[in-house]
Q: 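Got a structure here, written out as structure tokens. Questions coming.
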Amino acid sequence: MVNLQIAFGEPRGATDAPCLVLGHSLGTSSALWADAAALLARHFRVVTWDLPGHGASPAADDAFTISDLSDAVVGQLGARGVSTFLYAGVSIGGTVGMDVALRHAERVDAVAVISAGANVDAPAAWAERAALVRSEGTEALTAGSLQRWFAPATREHRGERAASMIEELRRADDRSYAWACEALAAYDILPDLPRMDVRALALWGEHDQLVPERKSAELARGLPRGSLQCVPGAAHAAPLEQPTTVSGLLVDFFLCV
């Protein structure tokens with residue numbers, strides 16, 4: 001078993017509120033959630049975490065899997081006295097949420113998956129990206145990521161925040177990023193969706209070309225208790241692009257009885 005060290009942010013919100021754990025996308029950090037988290041903290045005890053080699057988390061020492069990440073999240077929450085929680089994650093952060101819901105269903109009450117599918121892209125594409133980063137570093141991804149992650153309106157009206165995420169990509173540890181690519185290449189939860197009996201919401205960004213509507217719809221259809229909603233005006237980084245809309249959708253979903 002891989003012993004991953006991942007950093008958690010300081011909890012925000014009332015101590016007696018339901019715990020909501022937030023995961024970010026590959027190449028960014030928990031700062032992706034900054035504006036949305038402030039809104040969510042009005043209703044939840046909000047906790048963020050960073051992928052290995054991203055944000056405040058140390059670089060990984062060895063290869064890891066999606067299940068290693070979900071075990072690390074659940075284990076560290078348990079060490080902090082959090083027995084059950086809600087979870088929302090973007091891209092690989094959403095993939096981790098699905099794995100938590102599948103393998104630790106007794107710990108998670110509901111999960112929201114943003115810009116993630118049961119599987120995303122072909123394993124060969126992930127292997128190619130991992131090789132590129134090992135050879136040239138994450139800097140090689142920055143120009144393309146600005147276009148892929150953010151809708152045109154985000155780049156125009158929230159350009160400073162978008163640029164800050166590109167800086168997070170530059171700072172990400174190359175080896176940890178490459179191992180995360182390979183973890184995604186090896187992960188396909190599609191056959192297991194019928195067994196995931198946790199209430200789930202699949203959100204997709206209106207302009208997301210990385211994980212378009214069909215991938216989120218496939219996920220929602222395959223889940224026994226799945227639902228689907230769109231985030232207008234967003235591409236792949238919805239919590240940064242449309243924090244008010246995303247937080248509102250999450251509040252409605254998680255607090256719905």
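All values reported here derive from a predicted model rather than from experimental measurement. Here, residue 1 is the first one in the sequence, and each next residue gets the next number. Basis for what follows: all heavy atoms, side chains included, without hydrogens, waters or symmetry-related copies.
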Q: Report the C-alpha distance between E218 and R221 in whole Å, list the side-chain angles of each, state the deciding distance to 0.1 Å, and finish with yes or no for salt bridge (Lys or Arg N to Asp or Glu O under 4.0 Å).
A: CA-CA 5 Å; E218 176 186 60; R221 284 196 306 268; 5.7 Å; no
Q: If every non-hydrogen atom of D174 is compared with every non-hydrogen atom of G137, which pair is closest and at what distance?
A: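 So the minimum-distance heavy-atom pair works out to OD2-CA, 3.5 Å.
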Q: Could you check whether any side-chain N or O of K215 sits under 3.5 Å from a backbone N or O of A118, counting only pairs where one atom can act as donor and the other as acceptor?
A: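 The answer is no, because no donor-acceptor pair under 3.5 Å joins these two groups.
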Q: Report the residues that fulfil side chain to side chain donor-acceptor pair (under 3.5 Å) with S67, sequence neighbours left out, ordered by chain and then residue number.
A: D99
Q: Should we count CD of Q209 as having more than 12 external heavy atoms under 6.0 Å?
A: no
Q: Closest heavy-atom contact between A36 and P239?
A: CB-O, 4.0 Å
Q: Please determine if R134 and E182 form a salt bridge, counting it only when a charged side-chain N lies under 4.0 Å from a carboxylate O.
A: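 Judged by the 4.0 Å cut-off on N to carboxylate O distance, R134 and E182 do form a salt bridge.
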Q: Under 3.5 Å, side chain of T142 to main-chain N/O of E139, donor-acceptor pair present?
A: yes
Q: Any donor-acceptor pair under 3.5 Å linking the side chain of R148 with the backbone of A143?
A: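 No.
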Q: Determine, stepwise, if the pair L22 / Y87 fulfils side-chain contact (heavy atoms from CB on, under 4.5 Å).
A: CA-CA 6 Å; L22 303 176; Y87 186 95; over 6 Å; no
Q: Indicate whether any N or O donor in one side chain lies under 3.5 Å from an N or O acceptor in the other, for E168 and S29.
A: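 The answer is yes; a qualifying pair exists.
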Q: Judged by atom type as modelled, is there a donor-acceptor pair below 3.5 Å linking the side chain of E241 to the main-chain atoms of A237?
A: yes
Q: Identify the heavy atoms of L26 and W149 that sit nearest to each other, and give their distance.
A: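 Closest approach of L26 to W149, heavy atoms only: O-CZ2, 3.6 Å.
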Q: Give, for atom OG of S216 and atom CG of D208, the distance between the pair rounded to the nearest 0.5 Å.
A: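 Taking OG in S216 and CG in D208, the distance rounds to 7.5 Å.
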Q: Would the distance check show the side chain of S57 and the main-chain N or O of G53 forming a donor-acceptor pair, the cut-off being under 3.5 Å?
A: no
Q: For D192, does the CG atom have more than 12 heavy-atom neighbours from other residues, nucleotides or ligands under 6.0 Å away?
A: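 It does: D192 CG has more than 12 such atoms within range.
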Q: Side chains of R129 and Y177: any donor to acceptor distance under 3.5 Å?
A: yes
Q: Should V246 and M165 be counted in the same cluster of Ile, Leu, Val, Met, Phe, Trp and Tyr side chains packed under 4.5 Å apart?
A: yes
Q: Could you tell me the separation between the OG1 atom of T48 and the CD atom of E10, rounded to the nearest 0.5 Å?
A: 9.5 Å
Q: Tell me whether the NZ or CZ atom of R12 lies within the 45° cone about the ring axis of F44 and under 6.0 Å from its centre.
A: no
Q: In terms of hydrophobic clusters joined by side-chain contacts under 4.5 Å, are L86 and L39 together?
A: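 In one cluster with L86: L39, no.
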Q: Does the side chain of L51 come within less than 4.5 Å of L69's, by heavy atoms?
A: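 Result yes, sub-4.5 Å side-chain heavy-atom pair found.
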Q: Spell out, as yes or no, whether a donor-acceptor pair under 3.5 Å connects the side chain of W33 to the backbone of G23.
A: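 Judged by distance alone, yes, a pair lies under 3.5 Å.
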Q: Answer with yes or no whether the hydrophobic clustering places V47 together with L255; edges join I, L, V, M, F, W, Y residues whose side-chain heavy atoms lie under 4.5 Å apart.
A: yes
Q: Between S176 (side chain) and A59 (backbone), is there a donor-acceptor pair under 3.5 Å?
A: no
Q: List the atom of S227, the atom of F253, and the distance in Å for their closest heavy-atom pair.
A: OG-CE1, 4.4 Å
Q: Rounded to the nearest 0.5 Å, what separation is found between the CZ atom of F254 and the CG atom of D109?
A: 9.5 Å
Q: Distance under 6.0 Å and angle within 45° of the ring axis: does R158 meet both against F150?
A: no
Q: Near E167 CD, under 6.0 Å, is it more than 12 heavy atoms from other residues, nucleotides or ligands?
A: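 Yes, because the 6.0 Å sphere around CD of E167 holds more than 12 heavy atoms from other groups.
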Q: At what distance, to the nearest 0.5 angstrom, does CH2 of W204 lie from SG of C230?
A: 3.5 Å
Q: Output, in order, the C-alpha distance, side-chain angles, deciding distance and verdict of side-chain contact (heavy atoms from CB on, under 4.5 Å) for L184 and I92.
A: CA-CA 7 Å; L184 286 166; I92 189 174; 3.9 Å; yes
Q: Measuring only between side-chain heavy atoms, which start at C-beta, is L219 closer than 4.5 Å to M98?
A: yes
Q: Decide side-chain contact (heavy atoms from CB on, under 4.5 Å) for I6 and D50; before the verdict, give the C-alpha distance in whole Å, the side-chain angles of both, and the deciding distance to 0.1 Å.
A: CA-CA 6 Å; I6 56 175; D50 285 312; over 6 Å; no
Q: Heavy atoms, side chains only, cut-off 4.5 Å: are V133 and L141 in contact?
A: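 A side-chain contact exists here, since the closest heavy-atom pair is under 4.5 Å.
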Q: Just do the side chain to side chain donor-acceptor pair (under 3.5 Å) check on S91 and H236 with the steps written out, would you?
A: CA-CA 8 Å; S91 195; H236 196 63; 3.1 Å; yes
Q: May I have the step-by-step check of side-chain contact (heavy atoms from CB on, under 4.5 Å) for L203 and L249, ending in yes or no?
A: CA-CA 9 Å; L203 290 176; L249 289 170; 3.8 Å; yes
Q: Are any non-hydrogen side-chain atoms of V111 and R199 less than 4.5 angstrom apart?
A: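 They are not in side-chain contact.
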Q: Looking at A112 and L250, what are the two nearest heavy atoms and their distance?
A: CB-CD2, 3.5 Å
Q: Can you tell me how far the CG atom of L169 sits from the OG1 atom of T138, to the nearest 0.5 Å?
A: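 If I round to the nearest 0.5 Å, the distance is 4.5 Å.
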Q: Nearest 0.5 Å, please: how far is CG in L4 from CG in D68?
A: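 Rounded to the nearest 0.5 Å, the CG-CG separation comes out at 5.5 Å.
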Q: Less than 4.5 Å apart, any side-chain heavy atom of F85 and any of L77?
A: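 When only atoms from C-beta onward are counted, L77 and F85 do touch, with a gap below 4.5 Å.
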Q: Closest approach of H54 and T28, non-hydrogen atoms and distance?
A: CD2-O, 3.4 Å
Q: Do V90 and H24 make a side-chain contact, defined as non-hydrogen atoms from C-beta onward lying under 4.5 Å apart?
A: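 No. Closest side-chain heavy atoms not under 4.5 Å.
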Q: Under a single-linkage definition using a 4.5 Å side-chain heavy-atom cutoff for Ile, Leu, Val, Met, Phe, Trp and Tyr, are I166 and L210 assigned to the same hydrophobic cluster?
A: yes
Q: May I ask whether V198 and L228 are part of the same hydrophobic cluster, defined by side-chain heavy atoms of I, L, V, M, F, W, Y residues being less than 4.5 angstrom apart, directly or through others?
A: no
Q: Side chains of S70 and R103: donor-acceptor distance under 3.5 Å anywhere?
A: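 Present: a donor and an acceptor within the cut-off.
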Q: Would you call D35 and R161 a salt bridge, using N to O less than 4.0 angstrom?
A: yes
Q: Does P18 offer a backbone N or O that forms a donor-acceptor pair with the side chain of R45 under 3.5 Å?
A: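 No; zero donor-acceptor contacts below 3.5 Å.
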